[in-house]
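This report concerns only the one structure given below.
Each chain gets a letter, A, B and so on, in the order the sequences are listed, and its residues count up from 1.
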There are 2 protein chains.
Amino acid sequence: MGPVESDDPLYGTELTFLLGLAFQLLLGEFNDRVAEAGYPDLRPVHGLAFQALGPAGATSSELAARLGVTKQAAGQIVDDLERRGYVRREAHPAGGRRKLVVLTEAAQAHLAVAGRLLHGLEAELATRLGAGGEAETGAAELGRLRTDLVRVIRALAGTELPPLRPVW
Amino acid sequence: MGPVESDDPLYGTELTFLLGLAFQLLLGEFNDRVAEAGYPDLRPVHGLAFQALGPAGATSSELAARLGVTKQAAGQIVDDLERRGYVRREAHPAGGRRKLVVLTEAAQAHLAVAGRLLHGLEAELATRLGAGGEAETGAAELGRLRTDLVRVIRALAGTELPPLRPVW
DNA sequence: CGGTTGAGTAAAGCACCTTGACTTGCCTCT
DNA sequence: AGAGGCAAGTCAAGGTGCTTTACTCAACCG
């Protein structure tokens, strides 16, 4: 039988530290799998950009606001993704200097793959958690964790959520 | 009565995203308070360095290993902290080229303040969570969250924990 | 029409880290 | 003792990903 978590030295460490470590480990594992799945040079911010653009596309200034970066930084990200065939700049229906940045099929394929990988990873995690021999299933534990995290986020941020940014 | 979290649109988002957002919000709040408490230019990595050095001090190569960076980067951090009076380089008892990096009283005072701020923040969070009107107290919820996080971390990393690094 | 607004871009700077190359003190092996 | 190796520390250069500053260009509005 493994260590009981209340005996684990980790249990006494700061909540912030635990959150950071869990996030880092999960994101790192996800990123490794994304790389293995044929996207070695797509960083998490690229996936976030794909999500922020969405099926309808957006201008790069809108993208900047959604990612929480300057419009210059967003422009560089779009340049990079365009060069690699993940987005196109099209004429914007509203005219002006505006350009509509839209996802190519390559980006949509990546989104689908990334979604599968995320869910697969979470399912694996549930299995590993459930294998401890406790009465509770891993899936139930992850559901509870998710609920608690949502409550913490709402307590800290209210209804308006900030963009997820690289942490320090 | 506030929104029930299973109705919250956040509930459907990825676990990784929730972890990242919770971490970012909590760390950001902590960092703001550290700045207000008189340490406007101490970043989280500096606090981690203080913890990694500990009461006995360490060489900068040891510090590098504990922070998960190159020894050059650790050397720069030590240079910076030394210039600002938070650490001193002393002769190492084991001799050689080694130098023992030790905390000054300023750093120890900072560690004490940071510890108070972290615990205060967590206590506030517990109060806010408990104010929802549910049967469960905020402190109980945070204890459960902590337990779940420890289990997730152990499932992903095993017994050897990697250093906490900036995330992407 | 002149002025303002806002999207996009270009250039430079900066924070923070890496890789590469080197010096220096000690230890080991013959 | 002397040669070689090893590990700590340090210089120097490079690179990434962002910001700040400054500009151009298109539409709108009085």
Side-chain angles (χ1 to χ4, degrees), chain A residues 24 27-28 31 35 40-49 52-53 56-84 86-102 162-168, chain B residues 24 27-28 31 35 40-49 52-53 56-84 86-102 162-168:
Chain A
Q24 167 178 316
L27 182 64
N31 215 23
D41 44 8
L42 280 185
R43 292 175 302 125
V45 70
H46 298 130
L48 286 180
L53 289 172
T59 68
S60 57
S61 289
E62 287 167 339
L63 179 62
R66 292 176 196 172
L67 294 181
V69 298
T70 60
K71 56 184 182 175
Q72 291 89 334
Q76 288 181 16
I77 292 172
V78 171
D79 284 346
D80 180 34
L81 291 175
E82 189 175 37
R83 208 176 310 114
R84 287 149 63 188
Y86 289 108
V87 302
R88 269 190 307 268
R89 286 189 231 237
E90 298 183 347
H92 196 286
R97 258 180 99 80
R98 257 166 278 197
K99 297 175 189 172
L100 190 61
V101 182
V102 296
L164 181 57
R165 295 286 321 272
V167 187
W168 100 81
Chain B
Q24 168 179 316
L27 183 63
N31 215 24
D41 44 8
L42 279 186
R43 293 176 299 126
V45 69
H46 298 129
L48 285 181
L53 289 172
T59 68
S60 56
S61 289
E62 285 167 341
L63 179 61
R66 293 176 194 172
L67 294 181
V69 298
T70 60
K71 57 184 182 175
Q72 292 90 330
Q76 288 181 16
I77 292 173
V78 171
D79 284 346
D80 181 34
L81 290 175
E82 188 174 37
R83 208 176 311 113
R84 287 149 63 188
Y86 288 109
V87 303
R88 269 192 306 269
R89 286 190 231 238
E90 298 183 347
H92 196 287
R97 259 181 96 81
R98 257 166 279 198
K99 297 174 189 173
L100 190 62
V101 181
V102 295
L164 181 56
R165 294 288 319 272
V167 187
W168 98 83

Do the side-chain N or O atoms of [X] get closer than 4.0 angstrom to the phosphate oxygens (OP1, OP2) of [N]?
| X | N | answer |
| --- | --- | --- |
| T59(A) | dA7(C) | no |
| K71(B) | dT18(C) | no |
| S61(A) | dG6(C) | no |
| R43(A) | dG17(D) | yes |

Practice task
Would you state whether a donor and an acceptor, one from the side chain of R97(A) and one from the base of dA7(C), lie under 3.5 Å apart?
Solution key: yes
So which nucleotide from [options] ends up closest to the side chain of [X]?
| X | options | result |
| --- | --- | --- |
| R89(B) | dA26(D), dT24(C), dT10(D) | dT10(D) |
| A73(B) | dG9(D), dC18(D), dT18(C) | dT18(C) |
| T70(A) | dG9(D), dA7(C), dT19(D) | dT19(D) |

Practice task
In plain terms, say whether D80(B) and R84(B) are close enough for a salt bridge, that is, a side-chain N and a carboxylate O under 4.0 Å apart.
Solution key: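 Salt bridge flag = yes for R84(B) with D80(B).
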Practice task
Name the nucleic acid region contacted by G75(A), choosing base, sugar-phosphate or nothing; use a 4.0 angstrom heavy-atom cut-off, strictly under.
Solution key: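 No contact.
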Problem - Polar side-chain atom of R98(B) near backbone of H92(B) as donor-acceptor pair, under 3.5 Å - result: no
Completion exercise
Of P166(B) and Q72(B), the one whose nearest nucleotide on DNA chain C sits closer to the 5' end is P166(B)
Practice task
Please figure out whether W168(B) or H92(B) has its closest DNA chain D nucleotide nearer the 5' end.
Solution key: H92(B)
